[in-house]
2 protein chains.
Amino acid sequence: MENYKIPKKSVERLSIYKRILKGIMDAGFTTVSSRELAERAGLNSAQVRKDLVYFGQFGTPGMGYHVSILHRTITKIMGLHKKIPVALIGVGNLGQALLSYQGFKERGFIIESIFDNDREKVGKIKNGLKIMDERNISIEIKKKNIRVGIITIPSSAAQSAANKLIKGGIKGILNFAPIELKVPSRTTVVNVALCEKLEMLSYYLSKRKLL
Amino acid sequence: MENYKIPKKSVERLSIYKRILKGIMDAGFTTVSSRELAERAGLNSAQVRKDLVYFGQFGTPGMGYHVSILHRTITKIMGLHKKIPVALIGVGNLGQALLSYQGFKERGFIIESIFDNDREKVGKIKNGLKIMDERNISIEIKKKNIRVGIITIPSSAAQSAANKLIKGGIKGILNFAPIELKVPSRTTVVNVALCEKLEMLSYYLSKRKLL
DNA sequence: TAGATTGTTAATCGATTAACAATC
DNA sequence: TAGATTGTTAATCGATTAACAATC
């Protein structure tokens, strides 16, 4: 149960194990071995066991892991067992896509306040929520006690929006803008590097002369 | 110029260096040191130099790197100097967001054919493109010689769409569905793990009792 | 009990960093 | 020439994997 030295990669893989466990559970199986999990995740079975013991001892020698218990445990470890109110900054195309993205709802992330700095958009309704002026971010999220923000505005405006979120007491930011946000250490930022992914695909194809 | 053992991480960082170089170039600087690049990227300077020499010797001892030349070189190495026609599978919210996503256009990825399996959508026009039936993926991309596909449909339908892309001769897939697509080794898949990112944010906040 | 599979240790592998001769 | 910074080697660090005693 040590939690001060868990590798970031193990946490990332937790999410993968959870997804695989869901599939195995839905298929009606009760137990699963580290070998089976590893195979499905494209990993080594020792790695699966090592990843899991970072969080506790969930297995039974000779038996493996109890699928539904392990799934529920991981869900709880990741804090995905309760609803989390979220503020969305930027109601452009990407923002609107996330507004109706099932993956967020399924994981309990409920978008409760949406903001934009475009005068044309402010005041309009999207998915039942009124688009608010970005200048009111701090006040609004403090009032609603929102602790997670999603940034989907261009890089140039992202830092200023992040500052407003921080002023309002935000704890975590999911950042889609391709810049490294400067935030105090008490705030967690997770970057979604859409452009990098695209550029990597380009690189791999280019290297193999496929473009 | 060896290219059979370049670590995936170095390729990922190439994309970051490119972005930073762009900023330095726009600020009017001519040269930059590995130390400066490292600072901006949050890395060690030795790592920057090591990453770069995988692709060639671009620096001058005592001087550093020529900003614009290095930027152009990286762009070329990544194959981002020419236009790439792309097929989009899934014209839901996410698909529509990507359709008008500037980042794609800026990097030369031009969406030329769009598909969906929803009868209601097929035939409609989005961003000047007619939504086509997913059943016609293979024929269409073969005809248009499209070599890159973006998948934004739910996991359940993603593998079948990937199969059609492969049958049509696709070379690379940018996959937004949270499953590991099974593809022949000649096809490159880059996954965008939106849900994982979200779950990681949840984990970090939960660990610090912030949710 | 025999077979299976865990948690864990030790060995291996790969990536990061420090240090420095080469060189502008 | 003196100062700066590269490319590269060697040392360090961390992550992956193999192997196995413990145990169901």
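Keep in mind that what you see is a predicted model, and the values were worked out from it rather than measured. Residue numbering restarts at 1 for every chain, and letters A, B, ... go by the order of the sequence lines.
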Q: For DNA chain D, which consecutive runs of 3 or more Watson-Crick or G-U pairs (each distance under 3.5 Å) count as stems?
A: C:3-24 with D:3-24
Q: Decide yes or no on salt bridge (charged side-chain N to carboxylate O under 4.0 Å, His left out) for A:Glu140 and A:Lys143, but give the supporting numbers first.
A: CA-CA 5 Å; A:Glu140 173 73 6; A:Lys143 199 171 71 187; 3.7 Å; yes
Q: Any side-chain donor paired with an acceptor under 3.5 Å for B:Arg49 and B:Ser45?
A: yes
Q: Take atom NZ of A:Lys8 and atom C1' of D:dA15, then tell me their distance rounded to the nearest Å.
A: 15 Å
Q: For B:Met63 and C:dC24, what is the distance between atoms CE and P respectively, to the nearest whole Å?
A: 11 Å
Q: Starting at atom NZ of B:Lys50, determine the distance to atom P of C:dG14, rounded to an integer number of angstrom.
A: 13 Å
Q: Taking only side-chain N and O atoms of A:Ser34, does any of them lie within less than 4.0 angstrom of OP1 or OP2 on C:dT6?
A: yes
Q: Check whether any side-chain N or O of A:Tyr65 sits under 4.0 Å from OP1 or OP2 of C:dA4, and answer yes or no.
A: no
Q: CD of A:Gln47 versus P of C:dT12: gap in Å, rounded?
A: 18 Å
Q: Give B:Ser45 one of three labels, base, sugar-phosphate or nothing, depending on what nucleic acid heavy atoms sit under 4.0 Å from its own.
A: nothing
Q: Does any N or O in the side chain of B:Ser155 come within less than 3.5 Å of the main-chain N or O of B:Ala177, such that one atom is a donor and the other an acceptor?
A: no
Q: Test: salt bridge (charged side-chain N to carboxylate O under 4.0 Å, His left out). Region: residues 73-93 of chain B. Which pairs qualify, not counting sequence neighbours?
A: none
Q: Rounded to whole Å, please give me the gap between CZ in B:Phe58 and P in D:dT8.
A: 12 Å
Q: For A:Arg13 and for A:Thr60, find the nucleotide of DNA chain D with the closest heavy atom, then tell me which residue's nucleotide is more 5'.
A: A:Arg13
Q: Would A:Lys18 and B:Glu199 satisfy salt bridge (charged side-chain N to carboxylate O under 4.0 Å, His left out), going step by step from the backbone distance to the final call?
A: CA-CA 10 Å; A:Lys18 183 165 81 68; B:Glu199 300 198 332; 2.9 Å; yes
Q: Between B:Ser68 and B:Arg72, is the side chain to side chain donor-acceptor pair (under 3.5 Å) condition met? List the steps.
A: CA-CA 6 Å; B:Ser68 68; B:Arg72 190 162 54 239; 5.0 Å; no
Q: Between B:Gln159 and B:Asn163, does the side chain to side chain donor-acceptor pair (under 3.5 Å) criterion hold? Intermediate values first, please.
A: CA-CA 6 Å; B:Gln159 183 63 57; B:Asn163 294 345; 2.9 Å; yes
Q: Please produce a list of atom pairs where a protein N or O lies less than 3.5 Å from an N or O of nucleotides 19-23 of chain C.
A:
from: C:dA19; atom 1: N6; to: B:Arg49; atom 2: NH2; distance (Å): 3.1

Q: Roughly how far, to the nearest 0.5 Å, is the CD1 atom of B:Ile150 from the CD1 atom of B:Ile111?
A: 4.5 Å
Q: B:His66 has an atom NE2; how far is it from atom C1' of C:dC24, in whole Å?
A: 16 Å
Q: Specify the separation, in whole Å, of atom CZ of A:Arg35 and atom P of C:dG7.
A: 15 Å
Q: May I ask you to verify if any side-chain N or O of B:Tyr54 is less than 4.0 angstrom from the OP1 or OP2 atom of C:dA15?
A: no
Q: Could you state the atom-to-atom distance from CG of A:Asn44 to C1' of C:dT8 in whole Å?
A: 14 Å
Q: Look at atom CZ of A:Arg208 and say whether more than 12 heavy atoms of other residues, nucleotides or ligands are closer to it than 6.0 Å.
A: yes
